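Below, each value reflects all heavy atoms present in this structure, side chains not excepted, and no hydrogens, waters or symmetry copies. Keep in mind that what you see is a predicted model, and the values were worked out from it rather than measured. Naming convention: chains lettered A, B, ... in sequence-line order (proteins, then strands); numbering from 1 in each chain.
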Amino acid sequence: MIHPEAAETHEAAHGLRAEDVISAAGTLVEREEGTVNSDLPTGEVELRVSSFDLLADADTPPFQIDEDDPVSEELRLQYRYLDLRKRPMTQSIVLRHRVVSAIRRHLEAEGFLDIETPILTRSTPEGARDYLVPSRPQPGSWYALPQSPQLFKQLLMMSGFERYYQIARCFRDEDLRADRQPEFTQLDMELAFVDEEDVLATCDRLIGQVLAVGGIEAPQEIERLTYGESMLRYGSDRPDRRIPIEIADLGQVFAASEFKVFSGALGAGEVVRGFATSGEFPRSRFDSLTERARSLGAKGLVWGVLEPDGWRSPVAKFLSEEEIAGMMAATGAKDGDAILVVADDAATAARVLGELRLDVGEPEGGHDLVWVVDFPMFEWNEEGQRWDALHHPFTAPSGDLEADPGTWRSRAYDLVMDGTEIGGGSIRINTPELQSKVFGALGMSPAEAEERFGFLLRALRYGAPPHGGIAFGLDRIVALLAGRTSIREVIAFPKTASGADPLTGAPAPVDTRQLRELGLRIQAPPAG
RNA sequence: GCGGGCGUAGCUCAGUUGGUUAGAGCGCCGGCCUGUCACGCCGGAGGUCGCCGGUUCAAGUCCGGUCGCUCGCGCCA
């Protein structure tokens, strides 16, 4: 507040514009009656300015900073330093700091050491596409940016650092999404001489502290669900259990059904599963759900509604009273509910019903945390005609390792919050024999394994403690706590969906001189 | 790589079955007002309708292509 009596100062203040930077001197006084504004944090007082200096004047900003009008994201990113001045962004970044700070405090109190690992490392061509960095002294050779510190943290366990953590930047050159950036941050942890129980208990304590920062109370012990049960009941390995719909297996109900679509599928070793849901279900909605089911790979979708005068469904005449009653009992359907049923192979039925469940259901309040455990070790890669590791090839398998690799289980665990995977880890392999066996199961020859991972196999030969750990997606956790759907909202300087940074203009071409030093030449991209 | 949505003033948007001079709110500039804190009043400037091409007497509007942003699929051990 500048009093008009301070004529000169008052006059000069007319030249001030939005976002100018000033220093002001004056007297802080209580506001006069009638001018108090309790909506403002400083609404009780005002600064009676006697003089001020203009420290830096500001151009008119490209968008208004004190308004909550939406602004296109590209413009926000181009002027990110202005965007970050806006209250919601400032709050996101502060929240992120508080989460990181809570993590460090908690883990250090539990004896974890923060140890850095290389950013310039070796490409391990499994998994995601690597970002590559050319070597100048060795033209033709390349570093890769780490997809995660996985192997280094395991080596640290072998070095005797029994509890490691790092807030680690990771890089994956894959197409982006709202929850995926080319570089992202993991809370990376690893512990020696532990089993699943130790790691999960450690994480339960940590997560309690982390969520508390966002005012969310986590259970002392987070519930666990096996992969198999999760796929059956929720049709997903990252279930959002806030949606009050569960998929039921209807194999018993239709084992001897007249309806050939069901009995035929069951006879062929497939499954019949479905769920009940309430809501408005005009015919057109079933048509679009059927279309959706087909686009997800289902052969079809059987539906029906339990109306007061009976069972309304295109297949009504094929189903017996007992079957309808059995279906109601299994799915928990009430009068007026719709039931959706898929008959297909187990994987397709799970996937389709899982998606439909998300389409049809509404999450109910609060938050949901669950550990998904007991994953299969491998999944069949149809294209490559081989087994791929579901988690990663350093995960310890369990089950009968003499049997078909398709039957192996893995000692892996994922933490799922509100239908988003926020962390995943495993107990690792700690002997070279088992590690070689897993590489073999993945179709890697001993020579190939030696070429790619020789350094790991060698390290394992010098006595590696049993160890295991986990990595949490820090960006995703902070986004959840901030109530944002995109992790870009909790990263100070994120990139667009094409991996560009409109602020700096990265990525950008470089001087031919730079390329020459690296022994590189740009080839015209293939035409077309 | 594929599919959906979007692209018009500095910002956020409207723009009819193709039709004359492309509008609004906010911001900006000038003036007035001066107990305001989303001040108020008066006036004004400001447009490559993303870009290229086509159809048409006529294109912001229709068609083809392309670029960018965004959401999703594939991909992401």
Check your understanding: Which heavy atom in A/L176 sits nearest to a heavy atom in A/T496, and how many Å separate them?
Key -> CD1-O, 3.3 Å
My understanding is that a pair needs two contacts under 3.5 Å, Watson-Crick or G-U wobble. By that rule, which nucleotide pairs with [N]?
N     : value
B/G19 : B/C57
B/C6  : B/G68
B/G47 : none
B/C41 : B/G31

Please determine whether a side-chain nitrogen or oxygen atom of [X] lies at a distance below 4.0 Å from atom OP1 or OP2 of [N].
X      : N     : answer
A/T60  : B/G10 : no
A/R172 : B/C75 : no
A/S72  : B/G7  : no
A/R488 : B/C71 : yes
A/R17  : B/C29 : yes

Using the [atom1] atoms only, state how far [M] lies from [N], rounded to an integer number of Å.
N     : M     : atom1 : result
B/C42 : B/C37 : C1'   : 23 Å
B/G50 : B/C32 : C1'   : 41 Å
B/G40 : B/G4  : P     : 45 Å
B/U8  : B/G46 : C1'   : 14 Å
B/C2  : B/C75 : P     : 16 Å
B/C26 : B/C41 : P     : 9 Å
B/G18 : B/A59 : C1'   : 6 Å
B/U66 : B/C57 : P     : 28 Å

**Study point:** Option passing side-chain hydrogen bond (donor to acceptor under 3.5 Å, both in side chains) with A/Q154 (candidates A/E190, A/R428, A/H467)
**Key:** A/H467
Looking only at side-chain atoms of [X], point me to the closest of [options].
X      : options             : result
A/R31  : B/C37, B/G72, B/C71 : B/C37
A/S148 : B/U70, B/U36, B/A77 : B/A77
A/E74  : B/C76, B/U12, B/G68 : B/G68
A/E73  : B/A77, B/U36, B/U70 : B/U70
A/D175 : B/C69, B/U12, B/C75 : B/C75
A/E46  : B/A77, B/G27, B/U36 : B/U36
A/A389 : B/A77, B/C71, B/G35 : B/A77

Review point. How would you label the contact of A/S498 with the nucleic acid (heavy atoms, under 4.0 Å): base, sugar-phosphate, or nothing?
Key: sugar-phosphate
Review point. Which part of the nucleic acid does A/P62 contact within heavy-atom distance under 4.0 Å: base, sugar-phosphate only, or nothing?
Key: sugar-phosphate
Rounded to whole Å, how long is the line connecting atom [atom1] of [X] with atom [atom2] of [N]?
X      : N     : atom1 : atom2 : answer
A/E174 : B/C73 : CD    : P     : 14 Å
A/E44  : B/C37 : CD    : P     : 18 Å
A/L75  : B/G68 : CG    : P     : 18 Å
A/R177 : B/G3  : CZ    : C1'   : 12 Å
A/D414 : B/C76 : CG    : P     : 16 Å
A/R76  : B/G10 : CZ    : P     : 20 Å
A/L77  : B/G68 : CG    : P     : 15 Å
A/D69  : B/C11 : CG    : P     : 13 Å

Point to revise | Donor-acceptor contact below 3.5 Å, side chain A/D195 vs main chain A/D198 | key: yes
Review point. A/F472 pairs by side chain to side chain contact (heavy atoms under 4.5 Å, CB included) with which of A/D188, A/L206, A/V210?
Key: A/L206
Practice item. Measure centre to centre between the rings of A/Y413 and A/F375, then say whether the value is under 6.0 Å. Key: no
Point to revise | Side chains of A/D475 and A/I491 in contact at under 4.5 Å (non-hydrogen atoms) | key: yes
Exercise for review: Map A/A18 and A/R180 onto RNA chain B by nearest heavy atom, then report which one ends up closer to the 5' terminus.
Suggested key: A/A18
Review point. Within a reach of under 6.0 Å around CG of A/D59, are more than 12 heavy atoms found that belong to other residues, nucleotides or ligands?
Key: no
Check your understanding: Which is it for A/D130 and A/Q147 under the side chain to side chain donor-acceptor pair (under 3.5 Å) test, yes or no, and what are the steps along the way?
Key -> CA-CA 7 Å; A/D130 284 321; A/Q147 296 179 23; 2.6 Å; yes
